[in-house]
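Worksheet: one structure, shown below.
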Amino acid sequence: MDKIVPHNRLTFGDAECDAVLRAVRSGRWAQGPCVEELESTLARTAGVKHAVCVGSGLAAIRLALGALGVRSGHHVVVPAYSCVALANAALSWGATPVPVEIEETSWTLDAEKCRSLIESTRARAVIAVHTFGAAARVKEIAELGAPVIEDCAHAFGSAIAGRPFGAGAQVAVLSFYATKLIGGGEGGAVLTDSAEIAGFVKSSRDYGDQPADAHRMNDKMNELEAALVLAQMRRLPQMLAAREALAMRYLDRLSAGDEEVFRLPARGKGRIWYRFAVKMLRVTAERVVSDLGRLGIGAAVPVTDWRSRGEQAAPIADRAYAHLVSLPLYPTLSEQEQDAVISAFLKVCRDYEHA
Ligand SMILES: *Cc1c(COP(=O)(O)O)cnc(C)c1O
């Protein structure tokens with residue numbers, strides 16, 4: 001059936017539409033004034049010296065790894081529960097992604113497990129993700145010795161423990177894919193204090209008028225995307241506040257639900273509410289998605305397992321893939337829509353009590 005409440009809905013208005021029209025009329029397509037303005041806005045927001053825009057989040061990770069010197073035969077630590085883009089970025093250099101166990105509740109990299117795998121694989125880099133907006137232990141992980149890439153696709157525009165998201169490690173990356181926290185259709189960025197890293201990414205994103213080199217693809221950001229992302233950056237504080245208010249409402253209204261059937265996400269002071277991921281204790285997330293779908297509610301299994309057999313055991317990640325379900329959470333979700341989600345979710349959960 002058609003969804004009464006979709007899992008995702010984009011947030012945009014006249015500001016985004018006008019921005020795109022202005023960009024088209026400017027006659028500039030690739031890396032013009034909008035990209036430049038976006039780069040200074042992003043750098044200012046994270047409090048870092050350089051931001052370099054690229055064509056996607058995957059491109060941002062790939063070029064950040066390249067800037068850190070990752071090449072064929074190297075190992076890159078990634079969270080066992082993460083977007084396959086991270087693994088693909090490592091593979092693109094001929095490096096091997098090493099999935100490492102995550103922590104229960106925050107679903108971010110386990111710093112202790114990281115330590116032993118960095119040592120045993122002599123990893124060249126670690127990618128830490130603020131999964132669903134919960135802060136990863138970037139500082140602790142950075143102290144383990146390998147350079148860290150802070151993936152801020154799910155968390156940007158505020159600070160945690162006095163440090164803005166994106167300023168916690170040598171380099172940070174962003175994705176502006178349509179359904180991310182900041183949606184620009186497509187796009188990504190690399191943030192860093194290092195002139196060397198920024199220079200590598202800048203020189204790598206565009207093959208035009210440059211020497212032949214296998215790592216130079218077409219990773220430019222275009223002006224339309226930059227115009228959209230700039231408009232989104234202006235409404236970011238309101239978008240974050242709307243997400244937080246809805247998340248608090250979910251927590252309040254679902255907290256009386258059966259602790260035997262599901263576990264709510266942790267409040268986590270300072271976190272960002274990109275996704276509201278609930279852990280199902282008796283049924284799979286897939287079953288919940290299909291049961292809610294029949295009631296007209298869009299839910300999703302938020303991350304798909306990409307790992308191959310034979311890798312280090314990661315039972316918490318295994319359970320996260322199978323049992324985390326994402327409920328609708330976006331700035332344009334109305335309270336009435338959210339009430340419909342809550343009552344449908346509590347209804348299906350009653351059926352799971354004896355599952
Ligand atoms: C989506 C995503 C990416 C990849 O970004 P694209 O712009 O889709 O290439 C990387 N990391 C995380 C955490 C993501 O959610």
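Order of appearance sets the numbers: ligands from 1, and atoms from 1 within every ligand. Side chains included, hydrogens not; waters and symmetry mates left out as well; all remaining heavy atoms used.
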Do any side-chain atoms of residues 127-136 form donor-acceptor pairs under 3.5 angstrom with protein atoms, and if so which ones, sequence neighbours left out?
residue	atom	partner	partner atom	Å
His130	ND1	Ala136	N	2.9
His130	NE2	Glu150	OE2	2.7
Thr131	OG1	Trp107	O	3.1
Thr131	OG1	Val129	O	3.4

Does the ring centre of Tyr207 sit less than 6.0 Å away from the ring centre of His215?
no
Please tabulate, for the side chains in residues 89-96, all donor-acceptor contacts under 3.5 angstrom to protein atoms that are two or more places apart in sequence or on a different chain.
residue	atom	partner	partner atom	Å
Ser92	OG	Ala89	O	2.7
Trp93	NE1	Arg62	O	2.7

Report yes if some N/O of Gly57 lies less than 3.5 Å from some N/O of ligand 1; otherwise report no.
yes
Sub-4.0 Å atoms of ligand 1 with respect to non-hydrogen atoms of Ala153
12 (C), 13 (C), 14 (C), 15 (O)
Nearest-contact summary for atom 4 (C) of ligand 1 - protein heavy atom, Å
Ala85 CB, 3.7 Å
Under the 3.5 angstrom rule, does the side chain of Arg216 hit a backbone N or O of Ser203 as a donor-acceptor pair?
yes
Within reach of ligand 1, part of Thr131 (heavy-atom separation under 4.0 Å)
neither
Taking atom 9 (O) of ligand 1 as the point of reference, which of Leu58, Ile61, Val173, Ile127 owns the nearest heavy atom?
Leu58
Do we see a donor-acceptor contact under 3.5 Å between the side chains of Thr284 and His323?
no
For Leu86, counting its heavy atoms only, list the atoms of ligand 1 lying under 4.0 Å from any of them.
11 (N)
Is the Phe276 to Tyr250 ring centre distance short of 6.0 Å?
yes
Are more than 12 heavy atoms from other residues, nucleotides or ligands located less than 6.0 Å from atom CD of Glu104?
yes
Which option out of Arg62, Arg275, Glu186, Lys180 puts a heavy atom nearest to atom 3 (C) of ligand 1?
Lys180
With heavy-atom distances below 4.0 Å as the criterion, list the atoms of ligand 1 near Val129.
13 (C)
Nearest-neighbour protein heavy atom for atom 12 (C) of ligand 1, which is reported as residue plus atom name and distance:
Asp151 OD2, 3.4 Å
What is the nearest protein non-hydrogen atom to atom 5 (O) of ligand 1, stated with its residue, atom name and distance?
Ser175 OG, 3.2 Å
